[in-house]
Amino acid sequence: MDRIKSLRGFRDIYGDEVKKFRYVEEVCRKYFNLFGYKEIITPVLENTGLFIRSIGETTDIVEKEMFTFKDLSGESVTMRPEATAGIVRAYLEQGIFAKERISKLFSIGPMFRHERPQKGRYREFRQIDVEVFGINDPMLDAELIWMTTLILKEIGLENYTIEVNSVGCSDCREHFRQMIVGYFEGIKDDLCEDCKRRLQRNPLRIFDCKNTKCKEISASSPFLFDHLCEPCKTHFNDFIRHLESLGIKVNINKRLVRGLDYYTGTVFEIVSQELGSQNAFLAGGRYNNLVESMGGPKVPGIGFAIGLDRLVLLVKEIKEKITPVFFFAYLGERAKKFIFPFMEEFIINNLKLLYLPEAKSLKSQLRYADSIRADYVLILGEDEIEKGIVIVRNMSKGNQLDIPLDVSTLIPNLQGLFEK
RNA sequence: GUGGGUGUAGCUCAACGGUUAGAGCACCAGGCUGUGGACCUGGGGGUUGAGGGUUCGAAACCCUUCACCCACCCCA
C-alpha cells in the first residue's frame, strides 16, 4: 500500500517545535492584552474577490500564489493568503466600526500561498496578526513597534534590525509614480526583464529588485521618501521622534516597499540575518485607504503580521514551568485497579501521573519511566498491597521510601518531596 | 515558475556496477523470576522515493516523475 504523504509545502509540527509555537503565542497574547487588543477569529476561506480588491490585482500574491478554486455551488473561493483582508471584511460586516471608535484586534492562524517551498517559506504558514482601526496618530505607529520590541525581548531575541520607511499617501504616490516612470523610461534597456514589466504596472517595486544592475540604477534614482507631501513628511518625522523617545533604534530604509497594494505611509519590517533568504519575520504598515476602498467609512488603519514559522526558527530556549512528572508502575491485576483512583487524585491537584497500559515487567516500566523523564515512580505490587504501602522512587537520586496506600493522604505525603 | 543539491531501516549515515544492502542511535526481549540510566547477547524492522531503460548483474549508470533542502523570485 502506498502511503499518502502531506502536500508539498504543508507540514506537521510536533515535539519541541510545537512548544516554541505555543510559547511565542503565549508571550504575544500577554502583551496584546496589556496593550488593549482583543482577539478576532475569521474564516480561512473567503470570497476570492475580497483578496483581489484589498491586496491588489497586479501583486504576485493575487496573480499567481493563491489557493483559489470553485466550491460545489460554483462560487470562486480562496484560502486566505494574509489576514488583513478578512479582518477588514469582518470589521465592516460585524459593524465594529460603528460600535467603537478605536478597534485594536489580533488574530492567530494559518495562511496559504502557493509558492515554491524554501527555508522559512511554506505553502501553509502561520501568522500572528495585529490591526488597529480608527487612529492616524504617528504615536500609534511607534506604539506598535514598541510592543513588538517588548515581545521580542521577552522571547529572548536580540539580533534583529527594524527597518522603516514611508510609501506616502495616494497623492504623493501618484505624483512620484509619474516622476519615476519618466526617470526609468530613459534608461529602461539596462533594467532586468522583471523590472521592465514593473515599470508599467508597479514601478515602486523596482526598488525591491535584487538584481545587481537594477540595484545600481535605482540607487541613483530619486526615492519616494524624498518626495513625500508635507503631511506625510510630518507624520513620518513624528513617528521617528516617538521611537527615539522610547529608545528604539531603527534603520530608515528608503528602498523598503511592501508587496501588497493597500499600504500607505508608514511601513516597517523586522529582519534577522539568521534566517537565510527569507529574512523578514515581522512586517506591516499603515493602510489609511483600505477600509474605505472595501466599502466602509473613511477609517485609517495600521497593522503587522508576525511570521510564526520564521520567528520560531530564531527561538533558542523557552521558559517552561517545571512541574514534577510522576509515574505509576504496577504489578498484577489488583495493583492495576489503583491506577485510575490515583490519577484522579493527581489530576484534582493539578499534577501529572502517567502509566504504561500494556506493561509487563517492572523493569520495562522503569525503563519507560526513565525515557519519559519521570521524576518519581510509584511502585505498587502484591507485597505492597498486603503491607498497605506504596513505594516512591526518586529517579534522579535513585533512593526510595514507603508511604501509606491511602488515596486521601497520597498528595500531602508526596508534596513534601518536591515542594521545598 | 527557474536553477543547483539530495533521496538507502523510525533517526543519522555506510556500501568499487558483483554473495542474502550494513553500522550507530532508537525500539523490544533476555542476562537480572519485583527496580531505570552503563554493559553484554539476541530480535523485529527495507519494494534502496516511484516508474521505465542499459547490463550476465543496478542502491549505484541513463531517462521520466515525485518529494525534500538551498538559492532566484516573492513575502510573514
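Chain identifiers are assigned alphabetically (A, B, ...) following the order of the sequence lines, protein sequences preceding nucleic acid strands; residue numbering begins at 1 within each chain.
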_Asp238(A) side-chain N/O to Pro138(A) backbone N/O, donor-acceptor pair under 3.5 Å_ = no
_Has Tyr330(A) got a side-chain atom pairing as donor or acceptor with Leu356(A)'s backbone, closer than 3.5 angstrom?_
yes
*Just compare C69(B), A76(B), G36(B) and give me whichever is closest to any side-chain atom of Pro117(A).*
C69(B)
*From the options G34(B), G36(B), G1(B), select the nucleotide whose nearest atom is closest to the side chain of Leu331(A).*
G34(B)
*Who are the ring-ring contact (aromatic ring centres under 6.0 Å, His included) partners of Phe106(A), not counting sequence neighbours?*
Phe32(A)
Base, sugar-phosphate, or nothing for [X], non-hydrogen atoms under 4.0 angstrom?
X         : answer
Gln365(A) : nothing
Arg126(A) : nothing
Thr59(A)  : nothing
Ala369(A) : nothing
Gly284(A) : nothing
Asp309(A) : nothing
Leu311(A) : nothing
Leu260(A) : sugar-phosphate
Gln400(A) : base

Work out how far the [atom1] atom of [N] is from that of [M], and round it to whole angstrom.
N      : M      : atom1 : result
G1(B)  : G57(B) : P     : 38 Å
G10(B) : G44(B) : P     : 15 Å
C27(B) : C11(B) : C1'   : 12 Å
G51(B) : A67(B) : C1'   : 15 Å
C32(B) : A38(B) : C1'   : 14 Å
A59(B) : A14(B) : C1'   : 12 Å
A60(B) : G53(B) : C1'   : 15 Å
U41(B) : C56(B) : C1'   : 41 Å

Atom [atom1] of [X] and atom [atom2] of [N]: how far apart are they, to the nearest Å?
X         : N      : atom1 : atom2 : value
Glu115(A) : C75(B) : CD    : P     : 8 Å
Arg116(A) : C70(B) : CZ    : C1'   : 10 Å
Glu358(A) : C28(B) : CD    : P     : 13 Å
Glu131(A) : A76(B) : CD    : C1'   : 13 Å
Asp12(A)  : C11(B) : CG    : C1'   : 16 Å
Tyr330(A) : G36(B) : OH    : C1'   : 16 Å
Lys64(A)  : C73(B) : NZ    : P     : 11 Å

Can you tell me whether the side chain of [X] and the base of [N] have a donor-acceptor pair closer than 3.5 Å?
X         : N      : answer
Arg310(A) : C75(B) : yes
Glu63(A)  : G1(B)  : no
Arg367(A) : G37(B) : no
Arg121(A) : C73(B) : yes
Gln118(A) : C73(B) : yes

*asked:* What's the separation between atom CG in Leu414(A) and atom CG in Leu378(A), rounded to the nearest 0.5 Å?
replied: 6.0 Å
*asked:* Applying the 5.5 Å / 30° rule, does Phe125(A) stack onto the base of A76(B)?
replied: yes
*Candidate pair Lys316(A) and Glu274(A), rule salt bridge (Lys or Arg N to Asp or Glu O under 4.0 Å), full reasoning*: CA-CA 12 Å; Lys316(A) 305 260 153 45; Glu274(A) 292 170 44; 3.3 Å; yes
Between [X] and [Y], does at least one N-O distance fall below 4.0 Å, as a salt bridge requires?
X         : Y         : answer
Arg334(A) : Glu386(A) : yes
Lys64(A)  : Asp60(A)  : yes
Lys104(A) : Glu143(A) : yes
Glu39(A)  : Arg29(A)  : yes

*Just to confirm, is there a sub-4.0 Å distance from OP1 or OP2 of C68(B) to any side-chain nitrogen or oxygen of Arg8(A)?*
yes
*Phosphate OP1/OP2 of G36(B) contacted by Lys363(A) side-chain N/O (<4.0 Å)*: yes
_Where RNA chain B forms stems, i.e. three or more consecutive Watson-Crick or G-U pairs with both distances under 3.5 Å_ = B:1-7 with B:66-72, B:10-13 with B:22-25, B:27-31 with B:39-43, B:49-53 with B:61-65
Under 3.5 Å, which donor-acceptor pairs do the side chains of residues 395-405 of chain A form with other protein atoms, sequence neighbours left out?
unit_1: Ser396(A); atom_1: OG; unit_2: Asn394(A); atom_2: OD1; d: 2.9
unit_1: Gln400(A); atom_1: OE1; unit_2: Arg393(A); atom_2: NH1; d: 2.8

